[in-house]
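Just so we're on the same page: letters track the sequence lines, and every chain starts at 1.
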Amino acid sequence: MSRVLVNQMFKIYTQNMHYHPEAIEPKWRQKWVESQLYRVDNSSDKPKFYVLDMFPYPSGAGLHVGHPLGYIASDIFARYKRLKGFNVLHPMGYDAFGLPAEQYAIQTGVHPAHSTDENIKRYRQQLDQIGFSFDWSREVKTSDPEYYKWTQWIFLLLYTHYYDEKEHKALPISRLEQYFVANGNQDIQAATTQSEAFKASEWAAMNRAEQEDILMNYRLAYRKTGYVNWCEALGTVLANDEVKDGLSERGGHPVEKKAMMQWSLRITAYAERLLDDLATLEWTDALKAMQKNWIGRSEGAQIFFDLENRSEKIEIFTTRPDTIFGATFMVLAPEHALVKSITHPDFQATVQQYLDYVSSRSDIDRMSENKEVTGAFTGGYAIHPFTGKRIPVWIGEYVLGDYGTGAIMAVPSDDERDRLFAQRFGLDIIDVVDKSAYPGASVHEKVGSLQYSDFLNGMEVKEAIRYMLGKIEEQRIGKRKINYKLRDANFSRQRYWGEPFPIRYDQQGVPHPIESRDLPLTLPDLENFQPASGGKSPLARAENWVHQYDGFALETDTMPGFAGSSWYFLRYMDANNPDTFVSKEAVDYWQDVDLYVGGTEHAVGHLMYARFWHKFLYDLGLVPGIEPFKKLINQGMITAYGYYAENLRFHKDGHEVVLIGNASDVQKASVSSTEATFSGTGSPIRLAYVVDWLDGQNRLTKEKFLEYYTSKGKDYNVLGDVNKYCWVRDEQGEEYITVHVVQEKMSKSKFNVQNPDDIVDRYGADCFRMYEMFLGPIEQSKPWDTKGIDGVNRFLRKFWSLFYLGNDWSVESSTPSPEELKVLHTTIRKVTEDIERFSFNTCVSAFMMCVNELKRLECSKREILEPLVILLAPFAPFVTEELWELLGHTESVHTATYPKFDPTCLESDQVELPVCINGKKRDVMLVPAKASQEEIEGLVKASEIVKRNLEGKVLLKLIYVPGRMVNLVVKE
RNA sequence: GCCGAAGUGGUGGAAUUGGUAGACACGCUGGACUCAAAAUCCAGUGCUAGCGAUAGUGUGCGGGUUCGAGUCCCGCCUUCGGUACCA
């Protein structure tokens, strides 16, 4: 008989006596599907609870061990809440539109819809393995026309509304039109990009196209020509939060500023509410701070400066109106509208030269260089509103076109950048703030007293600001203003795989919404996904599609990734409703997300946009609450160890190239073509899983390297021809390279992706779930390591063995002892408290302690084990379900009632009391629990150890903290 | 630079409100079982000195408050995350 067969038979024979996840788990996986155990109703007598995970983008690499970390935590919480008697909504879906699928389509010709569906299938399999309690009947997929129909519908709502700053809410654009007819745009308080004023008569005189142009400047979804982040490699523009350090977040390609006509969302209209309502949320301070910074509110004044010999004015924004007497020049952003008109003919050439220089620079140039001060004089002058002096107007790169008004009054004494500019170009500096009373105060701190400032002299900065704000308004040269760093969100992508805009243009190029009864406007089938000419989306090539409406052309750009994810949490409430995006009954019942779990990488992007859309929908009366996500937990990233060769030399084409430096230097090293080149793409010199071959100093010797290479290196094909390496030699003649160990993101390109499948195959889903939780606090980032998994596996087997003594079912029904009850109720309390504060790692510890204790007590009593099975069910849903059935139950353990904590079980006659002398623990005494302070003092003083420690010393004081400890204060 | 989080044994981490530092687990050491190995079980394990009871020392560094500090305060250092000419 073969060995395998013997093992098989042994397994079958011992089926129940030993813990066999590979038998239990598939069985329950199937049964749960059959019984629709996790299906949720939209009506119930129970209180509601909504637990949501950030839905994944289904990438080709499959789910890695980092994804489920948050899903497991939220699943435990959802299951816990269900046991506690809540009706829990816990859905899952896919953020299915996105660049990678389209890039893949360009390379391979596989349609994104097809590859996305394949990836989703794989994700679903992996998710099912782990035993999540998702209600899959509510699955959403953002690329499904039945879903994006409603994304388009919400877009049209944004298009047909403007933001009224008097009523602080979005209102129909038709109301604005009525206002224009009656009053023009005089005194309208609305969020707008319209700068020119017009009267009712002027409005009446405009043709429809001109009126549409103006209305566009008020719509919440609007078109404008602006400087956008253009990414040549991806052939599309990107939103600010999709750009990191001048490179695209996806793919790391360079990004440049380019003027383009684009759709935008007027998120800035909601800046104040997005900021203020943060206070109502249970988010971490770190996350709130990120959002606050991104919104970037600053209070100050808008001031108009007259120009010499011209009718226009320069509008500036400043937070320091008190320093206005120190304003010795002005600086405009290079793209400022007035640059052309203000430039004096004599300076035309130098200004143009400077503009050319600026446009030649990419974002990355601007950021990476050590801030060289550049600028040019326009030859124009402004008039100082208080002194009447002429002050020169410059242009300079350091003034940003899209912040504030794109122009500043420069106060070189109190602004670091203005001072550098003044020094570089020899401009006047008047030191208007005397900071001598505040030694150590930095330039930008708002302290000191004013000098050389006429009527402000002697005032403290704070007082002077207040005074000046009044003065500016009184003299009608400007007014108080609040400015936000937040920019309107670029909403156009020149890509195929996204939601088409439900917009068609007439022959004059005026946009018209597509009737909502015609939605969804679906994507055409394409075979070639390359961008069309002129930086256009591949959709532009689908002629029939573009011209499907007579006399109109469809918009060919598509919406960005954050469109679909800005409202998906609402769709889950009523996922299959064909008539509306979410029914009123559903949203009134589920309200908002009670617990949202996801990564910090979405701290500003997704979370900001989703809050914005939600507030907009609230204004329209479509959702009941002002915020979508009440409580938010950020799970940490699970990283992988990366190993990089630190000072590796290698030969190429007869040359020896020596690379010395840290790992990132080596990564970036590009060797000039005359000497040698890296084969391939210049990727980092990675050594996959080399850790077992390193010596204590992170050195890899040649001998070990060859051993490593033979066994592993070829699998990963990252090293190239091993004969091309040569080695650093130490004094003993040993050849080696130094390996730099880093923690890094898991990604397909780094060969470091760890899939959960292998772990689940080997140890079972319960073990995988508990191990991921056991790794540490949920918010913390940590490298993946399977070192400790045996501990969890042992725990599960030990737990199982409480039910089986040897080969026999050992559960018996005798009455538990007080000690056994104490173990149980200690665990109930600890686990319940810890789940409530999302400390799942300590829950696992508590279960381990509990089982260790019960094992020691040889306890197999039903009254102890039954509640314990329920308590463990959220963590290990499979094994608990099996044991629950073995205990004789016919209903699922996941519909059981959570065990009740009984504090009387923890009471005992004797308590341990630590005795400290001068804060150091010297003894632990067993004392009666109800002893008075006097009795305790007597007992403590009678202790041999205390007596010995008190010899020759004076007892000054005895501190007794009831139930905690005793401290004796003693002196020589 | 600014904002935020964190620094605890060989390792992951625990200590919830200022009250026994190192729970729980991994690893390691020794032992039991075994022809042997795996698995399992038992004991030990911060560091230093000591056969030992025990003593000293110990939560990134330097100070402080307190009967008592990983926890609070002041000043630094390091790591990670965010942000970067935001007027």
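Using a 4.0 Å heavy-atom cutoff across all strands shown, A:R794 reaches sugar-phosphate atoms only and no base atom. Within the nucleic acid shown, A:S298 comes within 4.0 Å of sugar-phosphate atoms alone, with no base atom in reach, counting heavy atoms only. Within the 4.0 angstrom heavy-atom criterion, only backbone atoms of the sugar-phosphate kind lie near A:P777; the bases stay farther away. The residue A:M848 sits close only to the backbone: its heavy atoms come under 4.0 Å of sugar-phosphate atoms, none of a base. The residue A:R417 sits close to a base: some heavy atom pair falls under 4.0 Å. Among the heavy atoms of the strands lying under 4.0 Å from A:K787 are primed sugar atoms or P, OP1, OP2 only; no base atom is included. A:L775 comes within contact range of the sugar-phosphate backbone alone, with a heavy-atom separation under 4.0 Å but no base atom that close.
Between the side chain of A:T405 and the backbone N or O of A:E315, at least one donor-acceptor pair lies under 3.5 Å.
If you check distances only, the side chain of A:K830 does reach the base of B:U16 with a donor-acceptor pair under 3.5 Å.
Applying the ring pair (Phe, Tyr, Trp, His ring centres under 6.0 Å) test to every pair with at least one member in residues 774-795 of chain A, sequence neighbours left out, gives these pairs: A:Y771-A:W784.
The ring of A:Y763 has its center no closer than 6.0 angstrom to the ring center of A:F768. Between A:F799 and A:Y19, the ring centre distance reaches or exceeds 6.0 Å.
For A:D414 and A:T323, the side-chain atoms include no donor-acceptor pair closer than 3.5 Å. Between the side chains of A:R480 and A:Q302, no donor N or O sits under 3.5 Å from an acceptor N or O.
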Given Watson-Crick and G-U pairs under 3.5 Å, RNA chain B in dot-bracket ([ ] crossing, | other strand) is (((((((..(((......[....)))((((((.......))))))((((....))))..(((((..]....))))))))))))....
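A glycosidic torsion no more than 90° from 0 defines the syn conformation; B:G30 lies beyond that range and is anti.
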